There are 2 protein chains.
Amino acid sequence: MKRKTTRVTSYDVAKLAGVSQPTVSRAFTPNASIAKDKRDRVLAAAKQLHYLPNSIAASLSSARSNIVAVIVGDMHNPFYSESLQAFINRLQATNRQVLAFTVEDGRDCDAVLMQALRYHVDGIVVTSANLSSDLISLSREVGIPIALFNRSTSDPTLTSVRCDSVQGGGLLADAMFAAGAQSYLIVRGDPQGSTSRLRVKGFRDALASFGIGDSAITEIDGGSSYAGSYRAISNHFDSPAPQFPDAIFAVNDIMAIGCIDALRAKFNIAIPGDIMLAGFDGIREGRLGPYHLTTVRQPIEDMVTKTLDLLGRDNQGEKSATQVNCVLPGIFIPGRTVPGLVEIAPDKALEADIESISGKN
Amino acid sequence: MKRKTTRVTSYDVAKLAGVSQPTVSRAFTPNASIAKDKRDRVLAAAKQLHYLPNSIAASLSSARSNIVAVIVGDMHNPFYSESLQAFINRLQATNRQVLAFTVEDGRDCDAVLMQALRYHVDGIVVTSANLSSDLISLSREVGIPIALFNRSTSDPTLTSVRCDSVQGGGLLADAMFAAGAQSYLIVRGDPQGSTSRLRVKGFRDALASFGIGDSAITEIDGGSSYAGSYRAISNHFDSPAPQFPDAIFAVNDIMAIGCIDALRAKFNIAIPGDIMLAGFDGIREGRLGPYHLTTVRQPIEDMVTKTLDLLGRDNQGEKSATQVNCVLPGIFIPGRTVPGLVEIAPDKALEADIESISGKN
DNA sequence: CGCTTGTTTGAATACGCATTCATATAGTTC
DNA sequence: GAACTATATGAATGCGTATTCAAACAAGCG
């Protein structure tokens, strides 16, 4: 005997409350024109029947789904999983839902983006992934706004929000030069992405302004991952006559951590004793005891807020041509991998670090 | 001049292809009864018009949304963010979408669950969060299956998938006892959750079988987080005459890492030289160079597969009373925080560790 | 050839809500 | 009390697809 799960609809509630279906709809709509007593009556009836408004149906008839798609490229980099987390929190707080997608390393996210478009989401956030221009124009055609997060635009007509890589790179160069570094090793990231390139540019520009010439700077390819930079460092110092720098700049934290692990485990190099080192991003892992990474933190919360803001504005349809490229400054975080930094109240800092990592089962 | 973004519908495609709307629908439905030439004609027309089937509308009329909600309780514990990642990957591979939610620490997830129910998702996965029995019965009423992930059931009628905490705890006790530990310190987790309790039980039971009495075992409360266990360890060893154990068992990896950082930074205690230590979960952070944590890994992939399997089965409606409590065994991972373990090919292991952490920008 | 079985197809409809529009009621003003 | 304005309400309709259902058609068989 299969019980047909007939769902409770707004009509059922309407009947019980002695009103029409639209009235039920209005009772659940903020700022709707409805008398207080009716609303109460409807809500009571709804509660009695365990009525749950069907958001899918609402989406269909109102043409807004209250869903935002977030496409995350590299879930292995904690920065992006932290970002996803921030998006979920922020959207949830504003009564919207997150449709989460991931994209395999390197592969473009067209298929995934297509899925998102099919659900007629209110907007799409793309993080660390490559999208084809076909899909971009398709999304325009369909009227679903896209925003790039921490990704500068190959297509400048796309809305994007990111951290100022050039400025951030400069901050780190400042700190290292001030700490006395005369020779530098740069561990690059993804050669495709502009992020790595800009960070390196900012870093080198600042060094140049201090009179550090190219001959004092070496660059190696770190593959943009923990494993990649671990290997890159290993290869570098295993080579016959390796350059032995005063300072290392890894273009992101997860790579910086890979460098530290390799330097310590394979070459017994002390940090910052033998070599000073810095990363970029401000991920939680960087604040763990063994690292205490000096880095530049991307203002994730602000970036997320800004991204959703732009996405929403686009959505208002006022002028959908309003593409904005928003760049927020990075925040210098003094750690213990660059010597001589005045840590802000060491004890407090540690305490703060501990809290910031947190984690509860 | 506001251009009305009139979307391309199946009717438009039908007209262009010279068929009826249902035929268009069938063209996009696998195994549908449709002639090959018609399907081709429809698909061609669809491509020409940039037609994207509206999944929202499909959900409404077919009563299946192809969306699974995943509610994550503690995003600060990397185990759960890894789990979310695994769910996203798995569901995406089977052409389903993930509606992702987070729940504040400790708060029950009723509000969030309600949101999920409203979207008439095909199923809901709840991870590390407390749900009220009201909501459970509501979900039953609405016919949306719920599965608990890594959470044993207070309500035994709920489907759940978890790792065998008792067995896993036993494995760690085996290893530590074999390494010569005679006295133990246990850092407990969330007193509400059964996970911590069961892991401790398995650990103590095994010790008891080796003749280790209660007098040789101390338990302290680690608050279930990095910060909590860091402080717990600090307080313990700061006390006037602290018990100085041979071994420490932290009920999860993130706590174990907190313990290690505190022991090293504040008490200059070497691991495993002075004290051996183990965690539980198998998170990526545990494999970083400075830790190399000995632990028990939860088989996330299998657990995810199993969870979705059960969720789907429930969905078939055959017998929705088929609640299953699935328990998968944990896998012992020898690390360097318990001495004397035969690491499986040290070089290979390191290499594998490096790869497993990865991360690409 | 008449009949059955099986495959395609289109007309009609359901899905559950939001929205438009016209009507009805209450509230104001002179 | 007439003439308005503001507010509440319900009837009707639309959103874009999947799913009956019955009709049309082809094929197989005695």
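Heavy atoms only: backbone and side chains are in, while hydrogens, waters and symmetry mates are out. The structure presented is a predicted model; accordingly, all values stated were derived computationally and were not measured. Throughout, a chain's letter reflects where its sequence line sits, starting with A, and its residues are numbered from 1.
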Discussion item. Using five base pairs at each end to define the local axes, how bent is the helix from C:dC1-D:dG30 to C:dC30-D:dG1, to the nearest 10°?
Written reply: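 The end axes of the helix from C:dC1-D:dG30 to C:dC30-D:dG1 are about 30° apart, to the nearest 10°.
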How close or far is atom [atom2] of [N] from atom [atom1] of [X], stated in whole angstroms?
X: A:H120; N: D:dG16; atom1: NE2; atom2: C1'; answer: 9 Å
X: B:F28; N: D:dG16; atom1: CZ; atom2: P; answer: 15 Å
X: A:R118; N: D:dG16; atom1: CZ; atom2: C1'; answer: 13 Å
X: A:L60; N: D:dG16; atom1: CG; atom2: P; answer: 7 Å
X: B:R26; N: D:dT20; atom1: CZ; atom2: C1'; answer: 10 Å
X: B:Y11; N: D:dG16; atom1: OH; atom2: C1'; answer: 8 Å
X: A:Y119; N: D:dT17; atom1: OH; atom2: P; answer: 13 Å
X: B:R7; N: D:dG14; atom1: CZ; atom2: C1'; answer: 15 Å

Does [N] have OP1 or OP2 under 4.0 Å away from a side-chain N or O of [X]?
X: B:S25; N: D:dT17; result: no
X: B:Y51; N: D:dT17; result: yes
X: A:S33; N: D:dA8; result: yes
X: A:K38; N: D:dA8; result: no

Discussion item. Looking at every non-hydrogen atom in both residues, tell me the closest pair between B:R7 and A:V142 and how far apart they are.
Written reply: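 In terms of heavy atoms, the two residues are closest at NH2-O, 2.8 Å.
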Item to complete: Would you name the heavy atoms of B:V121 and B:S65 that are closest together and state the gap between them?
Response: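 Answer, listing the atom of B:V121 first, then B:S65: CA-OG, 3.4 Å.
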Test your reading of the model: is there a side-chain donor-acceptor pair from [X] to the backbone of [Y], 3.5 Å cut-off?
X: B:T29; Y: B:S25; answer: yes
X: A:Q92; Y: B:T102; answer: yes
X: B:R39; Y: B:R26; answer: yes
X: A:Q97; Y: A:N66; answer: no

Practice prompt. Using a strict cut-off of less than 4.0 Å between a Lys/Arg side-chain nitrogen and an Asp/Glu carboxylate oxygen, indicate whether A:K36 and A:D40 qualify as a salt bridge.
Written response: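 Looking at A:D40 together with A:K36, the answer is yes, because their closest N to O distance falls below 4.0 Å.
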Discussion item. Using a heavy-atom cut-off of 4.0 Å across all strands, would you classify B:V24 as base, sugar-phosphate, or nothing?
Written reply: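 No contact at all - B:V24 keeps every heavy atom at 4.0 Å or more from the nucleic acid.
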Discussion item. Need to verify one output field. Residue with the more 5' nearest nucleotide on DNA chain C, B:I34 or B:S61?
Written reply: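 On the 5' side of the pair lies B:I34.
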Worksheet entry | Ring centers of A:Y51, A:Y11 separated by less than 6.0 Å |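 When the ring centroids of A:Y51 and A:Y11 are compared, they turn out to be at least 6.0 Å apart.
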Item to complete: Would you indicate whether A:R90, at its atom CZ, is surrounded by more than 12 heavy atoms from other residues, nucleotides or ligands within a distance under 6.0 Å?
Response: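 Open: at most 12 neighbouring heavy atoms sit under 6.0 Å from CZ of A:R90.
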Item to complete: If the plane angle is over 60° it's perpendicular, under 30° parallel, otherwise tilted; pick one for A:F149 and A:F79.
Response: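 Aromatic pair A:F149/A:F79 classed parallel.
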Discussion item. Reading DNA chain D from 5' onward, which residue's closest nucleotide shows up sooner: B:A58 or A:T23?
Written reply: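 Residue closer to the 5' terminus by nearest nucleotide: A:T23.
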Worksheet item: First contact, last contact: which nucleotides of DNA chain C are these for chain A, 5' to 3', heavy-atom distance under 4.0 Å?
Response: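 Under 4.0 Å from chain A, the extent on DNA chain C is C:dG16 to C:dT19.
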